[in-house]
Protein chains: 2
Amino acid sequence: MNKVISASQKATRAQTKEHNKRFILKTIYERDPISRADLARLTKLTRASISNVVAALLEENLVHEVGLAKKSVGKPPTLLSFNKSARQLITLDLANDQFRGCLMNLRGDITDRVKISVEEQRGESAVDKVVELIEELKAKATEPLLGIGIGTPGVIEPYRGVVKSAINLNWSDLPLGDMLEERFDIPVYIANDAQLAALAQYLFSPDKESIKNLILVKVGRGIGSGIIFGGEIFFGDGFSAGEIGHVVVDPNGKLCTCGHNGCLETMASTRALSEQMTQIAMANPSSKLHDKARAGHPLHSNDILQAHQEKDFTVQPVIERSGRFLGGAIAHLVGAMNIRHIYIAGSMARFGDALLEPIRQEVFRRSYPALINQIDIEISDLGADIVVLGAAALVLNFELGIV
Amino acid sequence: MNKVISASQKATRAQTKEHNKRFILKTIYERDPISRADLARLTKLTRASISNVVAALLEENLVHEVGLAKKSVGKPPTLLSFNKSARQLITLDLANDQFRGCLMNLRGDITDRVKISVEEQRGESAVDKVVELIEELKAKATEPLLGIGIGTPGVIEPYRGVVKSAINLNWSDLPLGDMLEERFDIPVYIANDAQLAALAQYLFSPDKESIKNLILVKVGRGIGSGIIFGGEIFFGDGFSAGEIGHVVVDPNGKLCTCGHNGCLETMASTRALSEQMTQIAMANPSSKLHDKARAGHPLHSNDILQAHQEKDFTVQPVIERSGRFLGGAIAHLVGAMNIRHIYIAGSMARFGDALLEPIRQEVFRRSYPALINQIDIEISDLGADIVVLGAAALVLNFELGIV
DNA sequence: AATATTTTGTTTGATGAATTAACTAAATCA
DNA sequence: TGATTTAGTTAATTCATCAAACAAAATATT
């Protein structure tokens, strides 16, 4: 199985076959377990064609026969099941301060985890860390590897696997995909972390049947978003679609490193939260964070989360402030793109409803009233593994056509 | 020839054939005139297959043989040409105060125009006006009609041809497509006017080779935009993608009919321009518009345009004001979607650079610096016919696969 | 209990769209 | 004049889906 068919190209019989093979595998993946006869009914292909393709999938070990089903009348159908253990995936999240890697099966279940701290490692030596991580995971693999998926902050050209720029790692125009494919001889797919998080939300969301478009906003030390149109990541002309971190939300706001005032990232990220919280906690002796703030330690978002969970009343207003700025930016996205489903992820999402409600309020306040009841904003349920899940989704999508 | 193949469906031989037929016709359309041998080289199909399909296209009269080309050596190739006169199209623009209809050939060249004033006609009687317009154009047709394309303000469900809501015409959930198809027995395609304008910009733009994504902002009495992703209109979950008229750009701005303050439409449309201009002209005796404004006539955008062309210095600041608000909204779109090509259309676009420059400045001022030199904002070159051209593009796209 | 019915999955032959390869046509090159 | 090159057609081949018949295994009916 290989890459997806491009649009303005000739069509051939081989592509028809490939398309149907992917289509059948995807249907098995989604409806597992399912019989050949049901596949024929669902796909509108004939039982003969289904049997033919399924034979190939059994041969490749991607599908198993798992016994017979009981029906009221007629020969009992043989149930087919997607063999999630047929291959394994290596997936990486090159987050800000530590690289995390996982070994997974074809359903995205994580079997092994590895972390490497990369505080001051940048440029070449950061690439070495990536190789090291993959080596370590490869050694643990018990099944053939389907591919390597990598999510990283920065602007990535996904089709060629080139990191156009990743400021925190000091990479620019780095052909990471080719380098790793040459080294490991396995397909490598790379994309921006927020874009991958959105893809994960799409693929691993329970009610994905009906959802074809979504936006996921990832709020952590940076802010980015990923846009899914028709089940695919929308990359934009310069591969930086969804990079809303530097949209100006308050022209009178604080100066950002990018040169503008009041970028979303300076106003609503966890870093902004820490700064705001530190000021307020220092000024407010009744805050649970008062001592820590006065001690000169920069407040970490974990501290703030803990204080919030312990019902510290000084936290809520600061979260609300971030929420309102986020809501303002999201309102523009929703209004412009008319996308119904919005998800919030990243470390800031741990604040849950405290963050979600002000976002909702601000979005509603700024949106066209007729559209408001169509908008559904939720905290993502995929947690801290969302980026590696998205990296897995990317590999699964390209290698097996599972979308 | 019929509708495009959907994504999650089985693939068949017939679809392969259809795809290649459209692909070949599209190539002839774009490279006109071209030989069978060149088609084979471009499409990677064999000469045998090309000859087979071209025979069908000649039979349908969509393509003509137009003589031989001279080459240095070998048998001279027979040149094929797209027969733009093989069919005609009826296209309508149901603009605010008058309906305009055109009869066109397959390249979008307009051969006949009809206008109907519909000032107070709404609901049922507005539908009658549409039928009347089509009847009139149909009578003028000299070739078989390929289809009817309609652009209208409002929220349209394009695949079913349903007008979900068109406030100015007082239509809601009107199955206009079915009604007209039943009446005229010709394929009918309907979409939002700004979305169609964007499609027109995509299809009739001279350098469309490289441009796959674009946004077109249509600024007239209302403000809307159309988004093209990968050569197709992006409709959004509720078919109102691009409806940026009611994005709040100034929370302290004037109250809009939608209930919010400072919507883009209340701040930057031609109506806003008229109001602003009237105030300024009344207060400023040296303005060429002073007398007209004092006479109590509401200033029409035509008046303002004329004054501007006569170098009335009081006009520029008002246009700039609109431009800055538009720029602010566009900056969000550009930042979020990373789309490089932005076009300004609609009656406001007639102000040209006077409007364009403040838009550019505001977009640049608010955009991530690394992206600024990627952004290309232009006034659309398609003029007042842009919506009917888009309607033609819609019909051509669906019926013949020309994109 | 024997037979009919229903449903599953396979087998066999037909269909048809693209390909391969051979062929004809018409020009230039040597 | 004959060789070479390129264009376009024709005939045979390929192969993925389809259609129809068939075998297998259950329940339903008599």
Side-chain angles (χ1 to χ4, degrees), chain A residues 1-2 5 9-25 27-28 31 33-59 63-81 401, chain B residues 1-2 5 9-25 27-28 31 33-59 63-81 401:
Chain A
M1 293 212 177
N2 220 309
I5 302 157
Q9 259 196 349
K10 70 171 175 179
T12 64
R13 248 187 342 223
Q15 287 172 346
T16 303
K17 170 132 190 168
E18 180 65 22
H19 173 100
N20 285 336
K21 189 175 177 185
R22 283 165 168 259
F23 183 36
I24 290 168
L25 182 61
T27 308
I28 297 172
R31 310 281 179 138
I34 188 172
S35 69
R36 289 175 179 81
D38 280 342
L39 279 171
R41 275 184 287 268
L42 275 169
T43 61
K44 306 276 173 65
L45 288 158
T46 60
R47 293 203 303 278
S49 298
I50 296 286
S51 284
N52 178 26
V53 173
V54 165
L57 293 172
L58 287 167
E59 178 65 31
V63 167
H64 274 164
E65 292 191 340
V66 290
L68 304 180
K70 287 238 156 101
K71 293 207 55 174
S72 57
V73 66
K75 174 179 171 178
T78 316
L79 290 177
L80 301 166
S81 179
Chain B
M1 294 213 176
N2 220 309
I5 302 156
Q9 258 196 351
K10 70 171 177 180
T12 64
R13 251 185 341 217
Q15 287 172 348
T16 303
K17 169 128 189 170
E18 180 67 21
H19 173 99
N20 284 336
K21 189 175 175 185
R22 283 165 168 259
F23 183 37
I24 290 168
L25 182 61
T27 309
I28 297 172
R31 310 279 180 139
I34 188 172
S35 68
R36 290 174 179 82
D38 279 342
L39 279 171
R41 277 185 284 268
L42 274 169
T43 62
K44 307 273 171 68
L45 287 158
T46 60
R47 293 202 305 276
S49 299
I50 296 286
S51 283
N52 178 26
V53 172
V54 164
L57 293 172
L58 288 167
E59 177 66 30
V63 166
H64 274 165
E65 293 191 339
V66 291
L68 304 180
K70 289 236 156 102
K71 293 205 55 171
S72 58
V73 67
K75 174 179 170 179
T78 316
L79 290 177
L80 302 166
S81 179

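Convention: sequence-line order gives letters A, B, ...; per-chain numbering from 1.
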Side chain of [X] - closest among [options]:
X	options	result
B:Arg41	D:dA7, C:dT19, D:dA19	D:dA7
A:Ala48	D:dA19, D:dT9, C:dT19	D:dA19
B:Asn52	D:dA19, C:dA26, C:dA18	C:dA18
A:Lys10	C:dT19, D:dT9, D:dT17	C:dT19
B:Leu45	D:dT17, C:dG9, C:dA18	C:dA18
A:Val73	C:dT19, C:dT7, C:dA18	C:dT7
B:Lys75	D:dA26, C:dA25, C:dT20	C:dA25

What is the distance, to the nearest angstrom, from the [atom1] atom on [X] to the [atom2] atom on [N]?
X	N	atom1	atom2	answer
B:Lys17	D:dT17	NZ	P	18 Å
A:Gln15	C:dA17	CD	P	16 Å
A:His19	D:dA16	NE2	C1'	14 Å
B:Lys21	C:dG16	NZ	P	16 Å
A:Ile50	D:dT17	CD1	P	9 Å
B:Leu68	C:dA26	CG	P	10 Å
B:Asn20	C:dG16	CG	P	17 Å
A:Leu58	C:dG9	CG	P	12 Å

Item checked: Closest approach of B:Leu80 to B:Arg36 (non-hydrogen atoms, all atoms of both residues) ->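 The pair with the smallest heavy-atom distance is CD1-CG, 3.8 Å.
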Notebook entry, point to check: Which atoms form the tightest heavy-atom contact between B:Ala40 and B:Thr46, and what is the distance?
Noted result: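 That would be CB-C, 4.1 Å.
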Notebook entry, point to check: Does any N or O in the side chain of B:His19 come within less than 3.5 Å of the main-chain N or O of A:Gln9, such that one atom is a donor and the other an acceptor?
Noted result: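 Such a contact is found between B:His19 side chain and A:Gln9 backbone.
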Checklist line | Any donor-acceptor N/O pair, A:Asn20 side chain to B:Lys10 backbone, under 3.5 Å | finding: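 No, the answer is negative, given that no donor and acceptor are paired below the 3.5 Å cut-off.
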Please confirm whether the shortest side-chain N or O distance from [X] to OP1 or OP2 of [N] is below 4.0 Å.
X	N	answer
A:Ser51	C:dG9	no
A:Ser49	D:dA16	no
B:Thr16	C:dA17	no

Check: In terms of the nearest nucleotide of DNA chain D, which residue is placed more toward the 5' end: B:Gly74 or B:Thr78?
Finding: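 This one resolves to B:Gly74.
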Checklist line | Contact nearer the 5' end of DNA chain D, comparing A:Pro76 with A:Ala14 | finding: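 Of the two residues, A:Ala14 wins.
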Next item on the list: Describe the nucleic acid contact of A:Arg36 in one word from base, sugar-phosphate, nothing, applying a heavy-atom distance below 4.0 Å.
Entry: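 A:Arg36: backbone/sugar contact only, no base atoms under 4.0 Å.
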Notebook entry, point to check: Start at the 5' end of DNA chain C and walk down; is the nucleotide closest to A:Ala37 or to B:Val53 reached first?
Noted result: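 That would be A:Ala37.
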Check: Where each residue is assigned the nucleotide of DNA chain C containing its nearest heavy atom, which of A:Thr12 and A:Pro77 is assigned the position nearer the 5′ end?
Finding: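 Comparing both residues, the 5'-ward one is A:Pro77.
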Notebook entry, point to check: Under a 4.5 Å cut-off applied to non-hydrogen side-chain atoms, are A:Leu42 and A:Ile34 in contact?
Noted result: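 A side-chain contact exists here, since the closest heavy-atom pair is under 4.5 Å.
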Next item on the list: Check if the side chain of A:Arg13 and the base of D:dT17 share a donor-acceptor pair of N or O atoms closer than 3.5 Å.
Entry: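 Donor-acceptor pair under 3.5 Å: no.
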Check: Going through the checks in order, is the side chain to side chain contact (heavy atoms under 4.5 Å, CB included) test met by A:Asp38 and A:Arg31?
Finding: CA-CA 10 Å; A:Asp38 280 342; A:Arg31 310 281 179 138; over 6 Å; no
